[in-house]
Amino acid sequence: MIVTTKDLFKAAYGKYAIGAYNINNLEQTMGLFRGNIESQSPFIIQISKGARSYSDKRMLEGIIRAADEIFPQAIFAVHLDHGDEKTCYDCIESGFYSSVMIDASHESFDENIAITKRVVDAAHARNIVVEAELGQLGGVEEHVSVDEANAKLTDPRQAREFVERSGCDSLACAIGTSHGAFKFSGSQGLHFDVLADIQKQLPGFPLVMHGSSSVPQDEVARINAAGGNLKGAKGVDDNQFRQAALLGVTKINIDTDGRLVWTRVHREYFRDFPENFDLRPVGKVFMDEYAHFIAAKNVKLGSAGHLAELAKLIS
Ligand code: G3H
Ligand code: 13P
Ligand code: ZN
């Protein structure tokens with residue numbers, strides 16, 4: 001069943017976070033649904049602009065509709081990840097997405113608010129919810145001064161004004177993470193002090209953490225041993241997800257980790273079975289492995305086991 005992220009956040013706020021997982025194809029979709037059913041967890045499917053144009057935007061919609069039929073127990077939101085204004089309107093008009101992200105974080109504070117507000121007005125008219133972003137995502141290097149680091153992170157005082165003026169439903173905050181497999185060059189990590197200040201300014205308001213893949217070191221080692229070159233890859237400690245959830249983070253974005261599972265499975269499979277040229281055996285291994293990955297991640301997020309309770313809440 002497709003719901004809005006608002007429904008999911010109401011149930012989760014202050015207790016656990018919902019995993020927001022990017023998909024691009026059928027195998028990821030099957031693994032994602034299986035893993036969430038196995039762990040009895042609600043979830044968010046994220047579709048990026050790149051994923052929409054990988055084959056055809058209608059293809060992913062069709063795959064998700066089919067998965068919804070195959071797994072009638074599943075409760076999930078369909079969310080546009082990092083949308084620009086035009087893509088947001090396209091998704092809002094499609095009637096398929098229950099949530100969109102407008103990412104105008106690269107604009108000035110006032111322009112970010114103005115763009116976000118236009119998208120919010122269009123989305124709310126159709127009962128679709130909006131995630132916005134304030135602050136600059138990107139690893140804060142170890143050598144930078146505290147002032148420099150804080151300039152990149154979300155300013156808690158601005159966060160409140162941003163939400164009030166834009167009318168957004170959730171806010172992606174920069175608290176030290178970055179996208180991709182190379183997040184930290186040293187011992188940097190999440191800035192819980194900044195997150196706590198944001199929550200003080202916005203009590204009860206759902207916050208979002210992007211760039212939250214944990215880049216498991218055993219996965220990186222296996223990829224490198226099977227011919228890859230991901231030296232120095234490092235991610236977020238997923239034992240910190242629960243702490244973030246207590247401070248108002250209700251959505252945690254994970255894409256890179258799924259790509260690592262895909263890369264490891266395919267590199268190892270074709271190394272071990274060089275005579276094979278059939279796409280299905282390796283596709284099956286990936287679906288199983290991705291499902292296991294999702295189920296284990298949901299335990300770290302705290303969302304595992306909450307499906308039945310959520311089904312009652314929204315019925
Ligand atoms: O934050 C970006 C996501 O990881 C999606 O990546 O734009 O390459 O699909 P993509
Ligand atoms: P990762 O690159 O850490 O998986 O982050 C994904 C993300 O934030 C998608 O919006
Ligand atoms: Zn992101």
Side-chain angles (χ1 to χ4, degrees), residues 5 17-25 27-29 31-32 43-57 59-60 63-64 77-84 86-88 91 97 99-106 112 130-140 152-154 168 170-185 188-190 206-217 219-220 223 230 232-238 240-241 244 249-264 290 293-294 296-298 300-301:
T5 47
I18 312 273
Y21 301 102
N22 291 67
I23 59 151
N24 298 273
N25 65 10
E27 287 80 4
Q28 278 183 312
T29 311
L32 180 62
F43 61 106
I44 297 166
I45 294 182
Q46 304 213 112
I47 306 176
S48 71
K49 225 179 133 181
R52 278 162 57 87
S53 60
Y54 171 52
S55 59
D56 183 296
K57 61 188 179 185
M59 188 63 84
L60 274 183
I63 291 172
I64 295 167
V78 180
H79 174 80
L80 168 69
D81 190 26
H82 291 285
D84 52 30
K86 185 168 170 282
T87 312
C88 282
C91 291
Y97 291 71
S99 170
V100 293
M101 176 191 188
I102 172 68
D103 182 357
S105 57
H106 48 281
N112 189 356
V130 179
E131 173 184 325
E133 178 164 331
L134 180 66
Q136 246 183 293
L137 220 70
V140 177
K152 288 181 169 223
L153 303 179
T154 302
C168 66
S170 61
L171 187 66
C173 301
I175 57 162
T177 64
S178 61
H179 292 111
F182 300 87
K183 298 188 192 299
F184 308 112
S185 57
Q188 311 96 318
L190 302 183
L207 306 175
V208 179
M209 210 164 82
H210 281 246
S212 301
S213 279
S214 55
V215 189
Q217 291 304 295
E219 206 72 274
V220 172
I223 290 170
L230 295 178
K234 197 168 176 192
V236 173
D237 178 357
D238 56 8
Q240 296 188 319
F241 287 173
V249 171
T250 46
K251 173 173 178 278
I252 292 191
N253 286 15
I254 297 165
D255 182 14
T256 294
D257 282 347
R259 297 178 185 205
L260 294 177
V261 175
W262 187 94
T263 304
R264 184 255 301 167
Y290 193 46
F293 162 80
I294 295 287
K297 195 54 80 176
N298 289 339
K300 295 286 186 181
L301 292 161

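Order of appearance sets the numbers: ligands from 1, and atoms from 1 within every ligand.
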Pull out every atom of ligand 2 sitting under 4.0 Å from any heavy atom of His82, numbered as shown with elements.
10 (O)

Which atoms of ligand 2 have any heavy atom of Lys183 under 4.0 Å away?
1 (P), 2 (O), 3 (O)

Closest non-hydrogen atom pair between Asn25 and Leu60, with its separation
N-CD2, 4.0 Å

Tell me yes or no: between the side chains of Asn253 and Lys251, is some donor less than 3.5 Å from an acceptor?
yes

Quick one: does Thr87's side chain have a donor or acceptor within less than 3.5 Å of a partner on Gly83's backbone?
no

Ligand 2 to Asn22, heavy atom cutoff 4.0 Å, flagged ligand atoms 9 (C)

Using distance alone, decide if ligand 1 has a nitrogen or oxygen within less than 3.5 Å of any nitrogen or oxygen in Asn24.
no

Write out the residue and atom name of the closest protein heavy atom to atom 9 (O) of ligand 1, then the distance separating them to 0.1 Å.
Ser48 OG, 2.6 Å

Any non-hydrogen atom of Arg259 lying under 4.0 Å from ligand 2?
no

Can you name the nearest heavy-atom pair linking His82 to Met101, along with the distance?
N-SD, 3.3 Å

Minimum distance, heavy atoms only, to atom 10 (O) of ligand 2: which one of Val215, Asp257, Asp81, Ile254 is it?
Asp81

In this structure, atom 8 (O) of ligand 1 is nearest to the protein heavy atom Arg259 NH2, 3.1 Å

His82 atom NE2 and His179 atom NE2 as seen from the Zn ion (ligand 3), angle to 10 degrees
100°

Go through the side-chain N and O atoms of Ser214 and Lys297 and say whether any donor and acceptor fall under 3.5 Å apart.
yes

Is the side chain of Thr154 donor-acceptor paired with the backbone N or O of Cys173 at a distance under 3.5 Å, no angle test?
no

For the student: nearest non-hydrogen atoms of Asn22 and Ser48, plus distance
ND2-CB, 4.3 Å

Ligand 1-proximal atoms of Asp81, by part, heavy-atom distance under 4.0 Å
side chain

Check each atom of ligand 2 against the heavy atoms of His179 and keep those under 4.0 Å away; list them by number with element.
2 (O), 5 (O), 6 (C), 7 (C), 8 (O), 10 (O)

If you compare all heavy atoms of Ile64 against all heavy atoms of Val78, which two are closest, and at what distance to 0.1 Å?
CG2-CG2, 4.3 Å

Residue and atom name of the nearest protein heavy atom (relative to atom 2 (O) of ligand 2), distance in Å to one decimal:
Thr256 OG1, 2.6 Å

Heavy-atom nearest pair, Asp257 first then Pro216, reads OD1-CD, 3.5 Å

Gly211 heavy atoms, cut-off 4.0 Å: which ligand 2 atoms fall inside?
1 (P), 3 (O), 5 (O), 7 (C), 8 (O)

Heavy-atom pair with the smallest gap, counting every atom of Ser178 and Lys183
O-NZ, 2.5 Å

Are more than 12 heavy atoms from other residues, nucleotides or ligands located less than 6.0 Å from atom NZ of Lys57?
no

Is there at least one pair of N or O atoms, one from Asp255 and one from ligand 2, spaced under 3.5 Å apart?
yes

Starting at CG of Asn112, measure out to CG of Asp103 and round the result to the nearest 0.5 Å.
8.0 Å

Are a donor atom and an acceptor atom from the side chains of His210 and Glu131 found within less than 3.5 Å of each other?
yes

Atom 3 (C) of ligand 1: which protein heavy atom is closest, and how many Å away?
Asp255 OD2, 3.3 Å

Closest to the Zn ion (ligand 3), among the N/O/S atoms of His210, is atom ND1

Which atoms from ligand 1 have a heavy atom of Asn22 less than 4.0 Å away?
3 (C), 5 (C)

Counting from 1 in the order shown, the ligand 1 atoms closer than 4.0 Å to a non-hydrogen atom of His82 are 1 (O), 2 (C)

Below 4.0 Å from ligand 2: does a non-hydrogen atom of Gln46 turn up there or not?
yes

Which ligand 1 atoms are under 4.0 Å away from a heavy-atom of His179?
1 (O)

Indicate, as side chain, backbone, both or neither, the part of Ser212 found under 4.0 angstrom from ligand 2 when only non-hydrogen atoms are considered.
backbone

Any atoms of ligand 2 less than 4.0 Å from a non-hydrogen atom of Gly180? List them with their elements.
2 (O)

Gap between atom CD of Glu27 and atom OH of Tyr290 - 0.5 Å precision:
12.0 Å

What atoms in ligand 2 come closer than 4.0 Å to a heavy atom of His210?
8 (O), 10 (O)

